[in-house]
A.B. asks: 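One structure follows; several queries about it will come next.
Just so it is clear, the values below take in all heavy atoms, side chains as well, and ignore hydrogens, waters and symmetry mates.
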Amino acid sequence: LLREIYPAARELFLVRDCRDMIASMVAYNARKGFADFGRNAAESDREWLDDLHRAVGALRDAWRERGSSQLLVRYEDLVRAPETTLPPLLAALDLDSAPATVASMIAAAAPDAPELRGHGTAASPAVSIGRWRHDLSPDLIAAVASRFDDLLQEFGYLESSHAD
């Protein structure tokens, strides 16, 4: 409906390695002491992974459907190289991409920003990249790999997973 009302609108699709996303969800649930992110509604990890796969698959389908108006940004690129990731992204959105604007955005998103306190489940965003290797159990790693390989491949994570 919004695309009909605003035909010139642009959408940003932000993705993250599904394995790290799940590791963060598991850590958050453990820290809070209750199941969230849909885990409370699922009777098993397998059912929960199926639900998450459908949700990420819907994001992938929306990204595919948008054609030339699509903008896909990987969380890892924003964390590792915000100075080079943000300017083209902002320009594509017809937003101010001046170095001062980018520097302000990076400062506002610093891990120690008061607005972000208590949200993270890792020591820093950079440490959250590749956390699945040590945070998930071997059984959950295998289940996630089996269930999410198609999405990991499509969003470019299988080629880079050895570097993450």
A.B. asks: Tell me whether the NZ or CZ atom of R39 lies within the 45° cone about the ring axis of Y28 and under 6.0 Å from its centre.
C.D. replies: no
A.B. asks: If you look only at pairs with a residue in residues 84-93, which of them pass as a salt bridge (Lys or Arg N to Asp or Glu O under 4.0 Å), with sequence neighbours excluded?
C.D. replies: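 Listed by first then second residue: nothing to list.
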A.B. asks: Assess whether side chain to side chain contact (heavy atoms under 4.5 Å, CB included) is satisfied between F13 and R66, documenting all intermediate values.
C.D. replies: CA-CA 10 Å; F13 293 89; R66 301 313 187 261; 3.7 Å; yes
A.B. asks: Would you tabulate the side-chain donor-acceptor contacts of residues 81-92 under 3.5 Å, counting partners in other chains and residues two or more places apart, or write 'none'?
C.D. replies:
{"from": "T84", "atom 1": "OG1", "to": "A81", "atom 2": "O", "distance (Å)": "3.2"}
{"from": "T85", "atom 1": "OG1", "to": "D77", "atom 2": "O", "distance (Å)": "3.1"}
{"from": "T85", "atom 1": "OG1", "to": "A81", "atom 2": "O", "distance (Å)": "2.8"}

A.B. asks: Would you check if the side chain of R46 reaches a backbone N or O of L49 as a donor-acceptor pair within less than 3.5 Å?
C.D. replies: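 Judged by distance alone, no pair lies under 3.5 Å.
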A.B. asks: As a quick check of understanding, evaluate side chain to side chain contact (heavy atoms under 4.5 Å, CB included) for Y157 and V15, giving each step before the final call.
C.D. replies: CA-CA 10 Å; Y157 286 105; V15 297; 3.9 Å; yes
A.B. asks: Do E76 side-chain atoms and I129 backbone N/O form a donor-acceptor pair below 3.5 Å?
C.D. replies: no
A.B. asks: Of all residues at least two apart in sequence or in a different chain, which pass the side chain to side chain contact (heavy atoms under 4.5 Å, CB included) check with E154?
C.D. replies: R60, W63, R64
A.B. asks: What residues form a salt bridge (charged side-chain N to carboxylate O under 4.0 Å, His left out) with D94, not counting sequence neighbours?
C.D. replies: R10
A.B. asks: List in chain and number order the residues that pass side chain to side chain contact (heavy atoms under 4.5 Å, CB included) with S146, two or more places apart in sequence or in another chain; answer none if no residue qualifies.
C.D. replies: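 If we apply the side chain to side chain contact (heavy atoms under 4.5 Å, CB included) test to S146, skipping adjacent residues, there are no hits.
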A.B. asks: Which pairs with one or both residues in residues 97-110 pass side chain to side chain donor-acceptor pair (under 3.5 Å), sequence neighbours excluded?
C.D. replies: D96-T101
A.B. asks: List in chain and number order the residues that pass side chain to side chain donor-acceptor pair (under 3.5 Å) with D50, two or more places apart in sequence or in another chain; answer none if no residue qualifies.
C.D. replies: R147
